[in-house]
Amino acid sequence: MRKLLLITLILVSSVVLGQEYPYQNSELSIEERVDNLLSIMTLEEKVGQLVQVNFSKVLTGPPADDSDAFIRENIKKGKIGSVLNLVSAEQTYEAQKLVQEHTRLKIPLLMGLDVIHGHQTMFPVPIGLTASWDTGAMMLSAQVAAREAASQGVHWTFSPMVDISRDARWGRIMESGGEDPYLSSQVAAALVKGYQGDLSEVTTIAACAKHFAGYGFAEGGRDYNTTEISLNTLHNVVLPPFKAAVEAGVATIMNGYNDMNGRPVTANSYLQQDVLKDQWGFDGFVVSDWNSIGELMIHGFAEDKKHASSIAMNAGNDMDMMTYGYFNHLEELVKEGQVSEARLDESVRRVLRVKFRLGLFEDPYAYSNKKREKQELGSKENLAATKEVAKKTFVLLKNDSKLLPIKKELKNVALIGPLADHKDVALGNWRAKAITNSAVSIKEGLSGLLPKSTELRYAEGCALSTGNRGFLDQFEMNESDTTGFNEAIELAKNSELVVLALGEDCYQTGEGRSKVSIQIPEVQIELLEELVKVNSNVAVVLMGGRPLDITRIEALAPTILMTWLGGSEAGNAIAEVLIGEYNPSGKLPVSFPRSVGQEPLYYNRKSTGRPTGPDNKVNWSRYIDSPHDALYPFGFGLSYSDFEYADLELSSDKMKRGEEIEVKVNLVNTGSYDGEEVVQLYIRDHVSSMTRHVKELKGFQKVMVKAGETKGIVFKLSEKDLEFFSANQKWEAEPGKFSVMVGGNSRDLQELAFTLED
Ligand code: BGC
């Protein structure tokens with residue numbers, strides 16, 4: 001009776017407002033509007049909402065057998081609910097118009113794009129961004145990216161990628177928040193909040209946490225490869241960042257290409273239905289990866305597209321990206337009862353919810369705004385933001401003879417290297433609408449900042465590549481052409497300091513860019529060898545999108561600054577750090593190995609029954625030809641200043657369930673520069689129902705400490721921080737001994753212990 005009254009009321013108020021249907025009435029709640037819309041949609045219209053196709057010449061996956069004309073026709077018929085890769089205020093407006101002018105219910109198109117680390121103004125690649133350990137900086141990068149993308153009609157980004165990445169060979173480690181679940185969870189939440197705000201503004205866009213789940217565990221680091229992930233590792237390591245994204249309100253989740261424990265994740269109902277939707281209460285929608293439904297056939301898991309679509313749908317996949325499986329077969333599957341109407345309605349409800357939340361029903365054209373597009377793209381404000389963010393991401397790995405910051409008294413500095421005056425590499429891969437060669441180079445940055453009395457001299461030394469560079473092109477790195485060596489050697493011989501910019505091409509990381517060698521090109525190392533013969537003051541500035549094997553560089557160079565792929569303002573940001581205007585504060589979000597043979601390498605490993613012992617007299621878990629630990633561990637990064645940790649203290653050596661203990665430490669800046677330090681807190685659960693990691697990050701604080709100053713740092717540890725997915729297959733803290741470790745990286749830590757009591 002009550003329901004009937006409500007429906008009558010809704011109908012009456014819609015008529016009064018001059019709207020044909022209640023779902024058009026913004027006074028109603030989103031759920032009421034979705035209910036109404038669902039009740040009047042035909043089967044064909046419902047299926048249309050679950051179809052996403054590429055409506056552009058830009059391909060970010062294998063092409064389908066379609067054409068612009070075909071897509072246009074089907075948008076007009078309401079058979080396509082979302083497109084990707086269409087971008088520009090004008091084009092998105094035109095596409096939206098097809099829906100508004102030709103379809104019965106005028107359900108706006110949802111336009112998606114990979115806005116991964118900036119749109120036109122590029123920010124550091126995600127692994128670099130993570131190295132800032134600064135969630136404010138992360139959020140800012142997403143806000144700017146969202147503003148720029150939104151002005152071009154984009155509603156939805158396929159970011160953040162929150163795949164835990166332990167293997168430096170995997171090209172997509174560049175897109176990730178690194179190897180640690182806690183840090184990645186912070187990244188996930190910050191980026192989701194940054195992109196989305198509360199989703200109600202035309203300057204914010206929907207986010208998509210991907211790839212659900214386990215894609216980062218591709219065997220051998222080879223992209224798309226199979227994954228084997230135990231329930232223990234899945235819950236304790238792989239899933240936490242996704243959970244953090246869901247708790248931050250992420251609008252969508254993308255599944256992936258990998259098969260996991262014998263089942264492709266696109267077909268995994270435990271993940272998509274049981275965990276994500278039922279246990280976590282996620283109310284947005286799941287989109288497949290590009291043709292990942294179609295790939296179920298290639299995995300040998302489905303006979304044909306119809307079968308694949310039925311499997312994906314029944315496993316909780318809501319929207320089909322680029323398989324055309326739902327487009328061609330879902331109607332039939334529902335009619336035959338192979339997919340229930342309730343299941344279909346659930347998916348459609350989820351998609352509509354996101355469209356309503358974005359405000360698209362109020363004004364489907366709001367995002368496509370030529371004026372905003374012009375003001376927003378690459379604006380001064382956005383460039384200033386990326387410079388601020390970039391300088392926080394650089395990690396000073398080594399500064400032995402304090403070559404940096406560059407001393408004001410120097411009469412000259414030689415800037416050498418294939419990346420010293422490069423204007424493209426720093427823009428990174430997955431670069432949305434970045435303008436080729438638009439990054440500020442180090443040479444440009446430094447020439448504006450060095451004192452007038454310091455002469456800046458430049459030589460390339462060797463070229464970066466010998467042929468093509470580009471997103472989908474095959475590219476050829478220069479491995480052996482030494483033309484340019486002599487000029488560089490002469491310059492180094494006669495200069496007081498050499499700044500040598502080396503590294504990977506940005507197109508050596510990213511999707512489909514896995515590598516078996518993670519060293520930089522040989523010719524660049526040879527250049528370094530030649531230069532240190534004539535000048536021992538060589539500061540290496542490294543660029544790259546993965547943890548690199550820099551053992552040979554480390555043996556030669558007294559100073560190394562890792563700058564990742566730092567975005568549009570990289571050169572200015574690097575220059576500010578080189579001259580000491582900004583004191584480096586980044587810390588590694590991934591372990592840098594001694595050699596590729598150690599991969600996958602990560603700090604939060606298990607103990608093993610034979611952890612490496614103090615001597616070689618028994619068989620320990622180790623390598624006979626290399627130490628087994630990292631060259632530079634997770635969390636590592638120096639400053640121009642020096643920090644000491646003193647007086648670690650616990651408020652109690654016992655914790656009762658439901659209570660907290662305080663962890664206090666004094667951080668002393670013993671150097672002569674003001675600087676920031678990332679204070680890291682790790683725990684170890686000594687005896688549990690499942691083996692635990694030797695260390696687990698559970699908190700961090702990035703703090704500014706003036707030269708000579710001491711700051712008291714306090715962390716609170718609660719029972720929640722001690723929980724893990726236990727042998728009982730639930731999150732719980734088990735009583736017993738825990739270690740607490742605090743320090744500036746995952747290796748050099750002070751330690752105390754306490755007991756969790758029942
Ligand atoms: C990638 C996704 C991406 C999608 C759309 C796929 O190849 O795996 O991460 O979002 O393409 O471009």
Side-chain angles (χ1 to χ4, degrees), residues 51-64 66 82-87 110-119 125-127 142 145 149 154-165 170-177 188 191-192 195 205-218 221-227 241-242 245 250-260 264-266 284-296 298-299 312 317-324 428-434 471-472 507 509-514 545:
V51 175
Q52 184 186 49
V53 303
N54 183 52
F55 193 20
S56 110
K57 300 274 171 288
V58 179
L59 286 171
T60 44
D66 59 10
S82 174
V83 299
L84 78 154
N85 290 338
L86 189 66
V87 53
L110 185 64
M111 319 241 189
L113 183 76
D114 291 278
V115 181
I116 304 298
H117 55 105
H119 183 68
V125 291
I127 198 168
V154 174
H155 310 128
W156 175 27
T157 174
F158 307 122
S159 167
M161 187 188 102
V162 298
D163 297 312
I164 294 296
S165 305
W170 191 47
R172 299 195 81 168
I173 195 168
M174 173 277 286
E175 286 176 62
S176 79
L191 292 179
V192 167
Y195 287 127
I205 56 181
C208 178
K210 69 187 187 186
H211 304 83
F212 198 62
Y215 183 32
F217 280 58
R222 181 159 58 81
D223 208 358
Y224 314 120
N225 207 0
T226 194
T227 61
F242 287 98
V250 74
T252 70
I253 298 273
M254 184 186 293
N255 54 37
Y257 293 122
N258 56 305
D259 98 295
M260 195 178 90
V265 294
T266 302
F285 69 87
V286 177
V287 62
S288 77
D289 204 342
W290 178 297
N291 191 39
S292 70
I293 298 176
E295 290 183 15
L296 295 181
I298 313 173
H299 277 292
N317 179 97
D318 300 307
M319 184 181 279
D320 168 0
M321 179 195 286
M322 278 307 279
T323 294
Y324 279 103
N429 203 341
W430 269 129
R431 48 169 70 182
K433 296 291 280 184
F471 180 48
L472 288 172
Y507 292 116
T509 51
E511 190 174 349
R513 307 296 168 120
S514 296

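Both ligands and their constituent atoms are indexed starting at 1 by order of listing.
Side-chain contact check for His211 versus Asn255: every heavy-atom pair is 4.5 Å or farther apart.
Residues Ser176 and Asp163 bring no donor and acceptor atom of their side chains to less than 3.5 Å of each other. Checked by atom type, the side-chain pair Ser165/Trp170 shows no donor-acceptor distance below 3.5 Å. There is no side-chain donor-acceptor pair under 3.5 Å between Tyr324 and Asn291.
Listed by chain and number, residues touching ligand 1 at under 4.0 Å (heavy atoms only) are Thr60, Leu84, Asp114, Phe158, Arg172, Lys210, His211, Met254, Tyr257, Asp289, Trp290, Met321, Trp430, Glu511.
The shortest heavy-atom contact between Val115 and Thr157 is O-OG1, 2.9 Å. Across all their heavy atoms, Val265 and Tyr257 have their closest contact at CG2-N, 4.5 Å.
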